[in-house]
There are 2 protein chains.
Amino acid sequence: MAALPTDRLGFLLSFRGELTGARIRAALGVAGLHPRNAMTLMQLAPGAMSQRDLAAAMEIDPSQLVAILNELEADGLAERRRDPADRRRHIVEITEAGAAALGRIDTAVGEAERELFGDLTEAEQAVLRGLLDRVVVDPAHHECGE
Amino acid sequence: MAALPTDRLGFLLSFRGELTGARIRAALGVAGLHPRNAMTLMQLAPGAMSQRDLAAAMEIDPSQLVAILNELEADGLAERRRDPADRRRHIVEITEAGAAALGRIDTAVGEAERELFGDLTEAEQAVLRGLLDRVVVDPAHHECGE
DNA sequence: TATTGTTATACTCTATAACTATA
DNA sequence: TATAGTTATAGAGTATAACAATA
């Protein structure tokens, strides 16, 4: 759904955010990656971590991560290996092919951003970033929170 | 999913947009309305229209509108009546209770916006609005488009 | 034959609980 | 007994096609 009262700043931000997300997801698709798989790779970029920590970092349920990692492993982009120190744990790591995919992701997202924000100067983009950073994030009012 | 590279303006806008949308949906829920039902009422605010035109305005498939209008009618917030000029058509109209609900929606959304944008001055909110308006909307790159 | 609204179906996403293997 | 990962199941949301009534 879309197309409504953009005279409301909240709706405007919500709709433009959704549009931007859709544009980025499309770019990731062109780069050959399912959006959530790409997000997972990005999260793994800094270094290996346990499956549980990865799920926590992505703010998703550990059970949802299973299918994602199955796909990434099937595509040779990431690998799971047992933690010798605690054999219940899986250490998740990016492969060489995964690092290459990260490069393609970066290029595709950069291209999408150039299209989305091409009408703004660098200075204006910085202002937009600064204002967005000051939109209040109040966990107490999250949709699923209590 | 959330929590990722907000050093990318595209991701920042996408995530803040999603958060804002979630906050608004929560407000609509408090006002007693399912988000899509509230959106439908808002779309109907200017005046009655046919079910088909309503679906087109909301950019959803006509078949999805059926359940929404069933709920709105069950709650007494909107009414369908046959168009005498073309008995295939349904004219959809807001009821008095629906107008009252619109008032509650407006209050709830206003409250949510005060929380979300409370750290920004009126002038800054205007700047944010102006910048968001210039983010490129390119239908050719829509997720589901060809 | 084309159009309006409706129903039915399937597919994705997500949320939850139960299960296993290790600790 | 508690924890990490997995599996299974159910629910919401959405997209598509087939259908009945009317034009």
Side-chain angles (χ1 to χ4, degrees), chain A residues 1-3 14 18-19 21-22 25-26 28-29 33-40 43-44 48-74 78-93 142-146, chain B residues 1-3 14 18 21-22 24-26 28-29 33-40 43-44 48-74 78-93 142-146:
Chain A
M1 190 181 323
S14 175
E18 188 153 305
L19 186 85
R25 287 192 294 275
L28 295 174
L33 283 136
H34 193 295
R36 65 186 169 199
N37 295 6
M39 298 295 254
T40 306
Q43 202 82 44
L44 285 171
M49 66 178 97
S50 86
Q51 205 165 316
R52 171 152 294 265
D53 291 345
L54 180 56
M58 296 176 69
E59 296 178 13
I60 63 174
D61 194 90
S63 65
Q64 289 180 248
L65 196 50
V66 177
I68 297 173
L69 291 179
N70 288 347
E71 289 174 23
L72 287 177
E73 270 196 324
E79 280 176 356
R80 280 183 271 217
R81 63 167 203 274
R82 288 278 170 199
D83 182 347
D86 182 344
R87 292 186 41 73
R88 291 173 302 183
R89 274 188 157 82
H90 280 167
I91 304 294
V92 187
E93 207 171 21
H142 258 173
E143 198 166 19
C144 305
E146 58 90 36
Chain B
M1 193 181 321
S14 175
E18 189 155 303
I24 289 177
R25 287 192 294 276
L28 296 173
L33 282 135
H34 193 295
R36 65 186 169 201
N37 294 7
M39 298 294 255
T40 306
Q43 203 84 45
L44 284 171
M49 66 177 98
S50 87
Q51 206 165 315
R52 171 153 294 265
D53 291 344
L54 180 56
M58 295 176 69
E59 298 179 10
I60 62 173
D61 194 90
S63 65
Q64 289 181 246
L65 196 50
V66 177
I68 297 174
L69 291 179
N70 287 347
E71 288 175 23
L72 286 177
E73 269 195 326
E79 279 175 358
R80 280 184 271 218
R81 63 169 204 274
R82 288 276 171 201
D83 182 347
D86 181 345
R87 292 186 39 75
R88 290 173 303 183
R89 273 189 159 80
H90 278 165
I91 304 295
V92 187
E93 208 171 21
H142 258 172
E143 199 165 20
C144 306
E146 58 91 32

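Letters A, B, ... mirror the listed sequences (proteins, then strands); counts begin at 1. Excluded from the calculations below are hydrogen atoms, water molecules and symmetry mates; all remaining heavy atoms, backbone and side chain alike, are included.
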What pairs with B/Asp86 under salt bridge (Lys or Arg N to Asp or Glu O under 4.0 Å), at least two apart in sequence or on another chain?
-> B/Arg88, B/Arg89
Those residues at least two apart in sequence (or on a different chain) that pass salt bridge (Lys or Arg N to Asp or Glu O under 4.0 Å) with A/Glu93 are A/Arg81
Donor-acceptor pairs are to be reported for all side-chain atoms of residues 64-71 of chain A against protein atoms at under 3.5 Å, with residues two or more places apart or in another chain.
unit_1  : atom_1 : unit_2  : atom_2 : d
A/Asn70 : OD1    : A/Arg80 : NH2    : 2.2
A/Asn70 : ND2    : A/Val66 : O      : 3.4
A/Glu71 : OE1    : A/Asn37 : ND2    : 2.9

Mind checking what makes side chain to side chain donor-acceptor pair (under 3.5 Å) contact with A/Glu79, not counting sequence neighbours?
-> none
With sequence neighbours left out, what residues match A/Arg52 under side chain to side chain donor-acceptor pair (under 3.5 Å)?
-> none
Tell me the interatomic distance from [X], atom [atom1], to [N], atom [atom2], rounded to whole angstroms.
| X | N | atom1 | atom2 | answer |
| --- | --- | --- | --- | --- |
| A/Met49 | D/dG5 | CE | P | 12 Å |
| B/Met58 | D/dT14 | CE | P | 10 Å |
| A/Glu73 | D/dG5 | CD | P | 13 Å |
| A/Glu79 | D/dG5 | CD | P | 16 Å |
| B/Arg36 | D/dT14 | CZ | P | 7 Å |
| B/Ile60 | D/dA12 | CD1 | C1' | 15 Å |

Quick one: list whatever passes side-chain contact (heavy atoms from CB on, under 4.5 Å) with A/Arg82, sequence neighbours left out.
-> A/Arg87, A/His90
Sorted by chain and number, sequence neighbours left out, side-chain contact (heavy atoms from CB on, under 4.5 Å) with A/Ser63 holds for A/Asp61
N/O (side chain, A/His34) to phosphate O (OP1/OP2, C/dT12) under 4.0 Å = no
Note down the inter-axis angle between the two ends of the helix from C/dT1-D/dA23 to C/dA23-D/dT1, five pairs each, to the nearest 10°.
-> 20°
Of all the heavy-atom pairs spanning A/Ala55 and A/Pro62, show the shortest one and how long it is.
-> CB-CA, 3.8 Å
5' to 3', nucleotides 2-9 of chain C under a 4.0 Å protein heavy-atom cut-off (B base, S sugar-phosphate only, - none) gives BBSSBB--
